[in-house]
Amino acid sequence: MTYLYDKEAWDATHELTSNAEIVKSLERAEADEKAGRLKNWNDVKREV
């Protein structure tokens, strides 16, 4: 059972990393996090 879960997770990861647009988006998100440009989700929910 663990093998099937791991294989499914690997397949999903491979699919995402094969998409250049998604990879760029993830890289931007990581840069935003490192630069402190993200908001805490609880703060965002309170603003709405």
Side-chain angles (χ1 to χ4, degrees):
M1 194 66 159
T2 301
Y3 167 77
L4 294 175
Y5 176 79
D6 289 345
K7 182 177 181 336
E8 186 175 319
W10 172 249
D11 289 345
T13 300
H14 180 68
E15 182 179 343
L16 290 174
T17 57
S18 297
N19 183 316
E21 188 174 323
I22 290 175
V23 171
K24 286 180 187 177
S25 179
L26 291 171
E27 289 170 348
R28 284 192 306 269
E30 287 178 347
D32 286 341
E33 180 192 16
K34 287 178 183 176
R37 293 187 292 258
L38 301 181
K39 288 186 174 184
N40 183 295
W41 174 240
N42 290 322
D43 294 339
V44 172
K45 286 191 311 187
R46 275 183 250 152
E47 292 176 6
V48 175

Enquirer: Following the transitive rule for hydrophobic clusters with a side-chain heavy-atom cut-off under 4.5 Å over Ile, Leu, Val, Met, Phe, Trp and Tyr, establish whether Leu16 and Val23 coincide in one cluster.
Expert: no
Enquirer: Which atom pairs, donor and acceptor, lie under 3.5 Å between side-chain atoms of residues 33-42 and protein residues at least two apart or in another chain?
Expert:
residue	atom	partner	partner atom	Å
Arg37	NE	Asp32	OD1	2.8
Arg37	NH2	Asp32	OD1	2.7
Lys39	NZ	Glu47	OE1	3.4
Asn40	OD1	Asn42	N	2.7

Enquirer: With sequence neighbours excluded, give me every side-chain hydrogen bond (donor to acceptor under 3.5 Å, both in side chains) pair touching residues 8-29.
Expert: Lys7-Asp11
Enquirer: Can you list, by chain and residue number, the hydrophobic cluster partners of Tyr5 when the side-chain cut-off is 4.5 Å?
Expert: none
